[in-house]
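Order of the sequence lines sets the chain letters (A, B, ...), proteins ahead of strands, with each chain counted from 1.
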Amino acid sequence: MVELKLTKKEAYMQQSMENIKSNTPFSEFWRKFKKQKLAFVSFFFILFLIALAIVGPFIVPYDIAEPDYNNVLTGPTAEHWAGTDAYGRDIFSRIVAGTQISLYVGLTSVFLGALGGTFFGLIAGYYGKKVDAIIMRGCDVLLAFPGILLAIGIIAILGPGLGNVIIAVAIFSVPVFARIVRSSTLAVKSTLYVEATKSIGAVPRRIIWKHIFPGTLSSIIVYFTMRIGSAILTAASLSFLGLGAQPPSPEWGAMLSGGRDYLNIAPHVTIFPGLAIFITVLAFNLLGDGLRDALDPKIKD
Amino acid sequence: MFRFIIKRILEIIPILFLVSIFIFMFVHMIPGDPARLVAGVDATLADVELVREELGLDKPIVEQYFTYMKNLVQGDLGKSLKTGRAVSEEIGARFMPTFWLTVWSMAWAVIIGLLIGVVSATKRNKWQDYFGMFGAVSGLSLPSFWLGLMLIQLFAVKLGWLPTGGMETWKSFILPAFTLGTGVAAVVARFTRSSLMDVLKEDYIRTGRSKGLSERKVTWGHGLRNAMIPVVTMTGLQFGFLLGGSVVIETVFSWPGLGKLLIDSVAYRDYPVIQAEMLIFALEFIVINLIVDLLYGILNPQIRYE
Amino acid sequence: MKKIYGLLSAIALLMVLVLAGCSDSGGEGKGSDDGKSAEKVTKEGKDVVVAVASNFTGLDPHDTNDTLSNSAEKTMMEGLLGFDKDMKIIPLLAKEYSANDEATEFTFKLRENIKFHDGTPFNAEAVKVNFDRLADPNSGLKRHSLFAIIEKTEVVNDYEVKFTLSEPFGAMINTFAHPAALIISPKALEEHGKEIARNPVGTGPFKFVEWKPGEGLEIVKNEEYWQEGFPKVDSITFKPVTENGSRIAMLQTGEADFIYPVPTEQVEGIDGKDGIEIESKPSIVVRYMAMNTLKEPFDDKKVRQALNYAVNKDAFIKVVMNDQSSKLDSVIAPDVQYYAQQELYKFDVEKAKELLKEAGVKEGLKANLWGANNSSAIKAMEFLQQQLAQVGIEVEVFPMEAGTLSDKIWSVQEAKDADIELYYGGWSPSTGDADWGIRPLVGGEDAFPPNAYNVSYYNNPKVNQLILDGLQTADDAARAKAYEEAQGIIWEDAPWVFLTAENTIAGKKNYLKGIYLLPDGSLSVSELEIVE
């Protein structure tokens, strides 16, 4: 069903795009992006997820917090498409309502991490020497902190809750982004055109933003999308260790790890939230690949 | 080059010093009273105070720090608050299991990851590419505890081919190394692909092609070598992560490694063990980063060490 | 387009595989059920593997305070007294004992001709060495406080020893039966000092071989054990396996012969399959939700009783405990000494609402519920949240990691400043005596954090007096009377929502016999044997 809709939509988009026929950078990007079929599908799937995140809680067939103790752990049926959980709550409804939370955790934490990491990575890579050494050693210290300990520390200091999970995941992302951006910066810096710009006397801020940052963008985007998935998975691991979202939140990771005790008697309790996570991460990754190809000015077809 | 290495090695000492202060502060900032946790829930206040005194936790924090540093300089990591064993002994027993698990996981993951990445990049938008990337994304999208539990269900419980956990024979390595390596293989594959695709469009590759070099030689010789920088960074990072021990995987497969020791120590606020483990991770990271930086130079002579 | 279809069908295929894999594992288990449960599984050799949930913290009984380490210590060492299957006290290294009426003097006659594993003879002098160690305030031992009350230990003759207490303590006999009072070889104690935790030597049925923290503990048969015919197996290996699913898988594959605990959720899934037998028995562990009686509105007895009426214990047992537990009908569990049954607060939402109204509590009252962050505690708290929502109380659940939680509970200096409102907890009185089930939890001001575990800050002078009465005599009838009255008052005052008395659940292969969990959750292996 879903795939059919998407292809129809896509055909429509193609048609409308042909009608526009312009040569702005955006249309150039769009033309290239359309060619990335998988990414294109993922893009609409993610739009669909975002829509679901907004309206999800209002359209679910069952109350996501209302227990039904006479109907616990039933497998998928016509009434309960994904079965019910240990309290007899409808798993399908909880997954739909949980889209909001999982997307929110994934996007916010990675965005914050990428913001910090890119800033430090660019500066370290561009200026080199002492600045580089200080920033990179700082990253080493942060990276040497096992993520789990960092998470426990932050959550212990700030208290349990989703917001603090986001902060923990974001902090953990900063040094990773910094290192990736720095290594791309080094590569871009050593290419001819930056050397040339430098020799005509451009100011550092301009060089960084106009010439180096775009060069690092593809790495950032690829890693950004990969990281959204792993942020959602990290939230799940935190739930596995009892540090995730507070009950009765239908965060997918919490549902997944909450169901693991029932793995051999009621596998549906873990499978459906697991699939939700799986497909979402898949979509973000495929989108990332597509965006990367479309954004890269060097790609000619 | 040689001077660079010496310089970096000398740099390690002040860094470790800073790290040790940072770690000490962070660990003590986390709420929780080790004396209470070691004494247990049904301990009386008198018990707790006794334990506190016994463990030297009744002293002012600054004094505790200086004692810790003094011992550290002499190479003494202290004693575990929980078991009373020397920390070096606790960690020593747990290091090798994590090390070997890391090595085996990385070994298969890097080989498979590189292969998938190169094939995907050269067969871009062909079925090999889709198949390879789909596999890679799958590897990244599965929560590892779930994958581990499923593998145990299938290969240990249903088929009876492999043990469920522990570290007795070479067979015990298969499931945890597979589970641990999946994510790494995926990351390596994706980075290899995207980086190699970038490089294959560069001018010198086109030059190579136009000079009549075979496609294979261009890809494996020139292309891959230059594409390796981000891949090496990523692999180094992953190696460092894994050496720290995976809390989740070691829990699922009851692996007697550092990750499990860490989570147990955190639960008891066993400061000396946590501090020592973190210092070791920090050292590992610094060394790995040094190696990574050196590899940059070998892979791309344009990068100069200043 | 083709590629997309290809990919989508690949995804679909993967899903099908995953689904098939899962339903299959469930399905086959059931299918083979009829064949397998009838067929008895067998075992070669006499070496048994036991998988447990966490690491031992040490093997010095005087310096460990977790039930798991105690279980391991009991295989190698024995006390003067011990507990049987039902927590009744039985003599072990002592033949008989007596106490004076004031509960200040206790005399033991010892069994003769017993040797420690290192050849040292067991006698009154050995007993004295052990209790002198425990009673020494400078020992730094975690179990010192249980024995601090011993003023002196005297050797009457080679096989008779007399303890004098500094004040009357009626529950002392239970303390002597506690695993903390196991007797260690005096020679080994002298030789190893604190290192005895890694070199335990006792008189028990098994001898220590090796302990690798994180990997396991191995013990072998003591050929010269004083109880004729025991032990009946050659060796036992304990392995720590934290993850529930992995531990169960080990039992299914036969890598482990006995596992505990088995999570309640899994009982139904594995019982009777692959030659597995589940043993689920009442324990002395109580589960409750404490209410801070110093805080509004929980300072009102009506509110506390209302909450007791508002929680459906049948549903709690079904949903949270998977029927592996029974309703708690006093502040202590039935297997604890001097337990007195109370009349249950029946589930009645209307009555609860009425009581709340009388107490002037308005709809939409907010309260915070604290508890541990393991999956079963989270499950219980989520259930309580749902139940209290029915009477208009909005509960926010805070699962906390062990260190954080203990800090929140115990760093309180002034009782009135305590942040705690509701707390989901559990308690196992390790001495098996009413005193240790009541005094630390609801024993008035003396038990307020940070002194002890009275998180409901319950302080009823009458109860405090009765607790004191119970300790000042060794006379059974007098003690029983005091505790009965105390339990009645506590029940009426309802500082807790009384939930359940938990079961201990172990899983074993059906060729094992004589291995069982005691109601305090510790393991007994001295009668373990392998049958065909």
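In this structure, CG on C:Asn373 lies 11.0 Å from CG on A:Leu238, to the nearest 0.5 angstrom.
Looking only at heavy-atom pairs under 4.5 Å with chain A, the residue among C:Pro399, C:Gly269, C:Gly403 that has the most is C:Pro399. Per-residue counts of heavy-atom pairs under 4.5 Å with chain A were compared for C:Glu396, C:Lys379, C:Lys408; the largest is that of C:Lys379. The choice from C:Glu382, C:Gln266, C:Glu401 that makes the most heavy-atom pairs within less than 4.5 Å of chain A is C:Glu382.
Looking at C:Pro263, neither its backbone nor its side chain comes within 4.5 Å of chain A, counting heavy atoms on both sides. Residue contact with chain A, scored on non-hydrogen atoms closer than 4.5 Å, is absent for C:Asn374. The part of C:Gln385 that comes within reach of chain A is its side chain, from C-beta onward, which places non-hydrogen atoms under 4.5 angstrom from that chain. Heavy-atom distances place the side chain of C:Ile270, and not its backbone, under 4.5 Å from chain A.
The main-chain N or O of C:Val397 is found under 3.5 Å from a side-chain atom of A:Gln246 such that the two form a donor-acceptor pair.
Ring pair A:Tyr69/C:Phe316: centre-to-centre distance not below 6.0 Å.
When side chains are defined from C-beta on, A:Leu73 does not count as touching C:Glu265, because their heavy atoms never get closer than 4.5 Å.
When all heavy atoms of A:Tyr87 and C:Val319 are compared, the closest pair comes out as CD2-CG1, 3.7 Å.
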Inset, instruction - Just do the side-chain contact (heavy atoms from CB on, under 4.5 Å) check on C:Met400 and A:Leu243 with the steps written out, would you? - result: CA-CA 7 Å; C:Met400 282 182 262; A:Leu243 302 167; over 6 Å; no
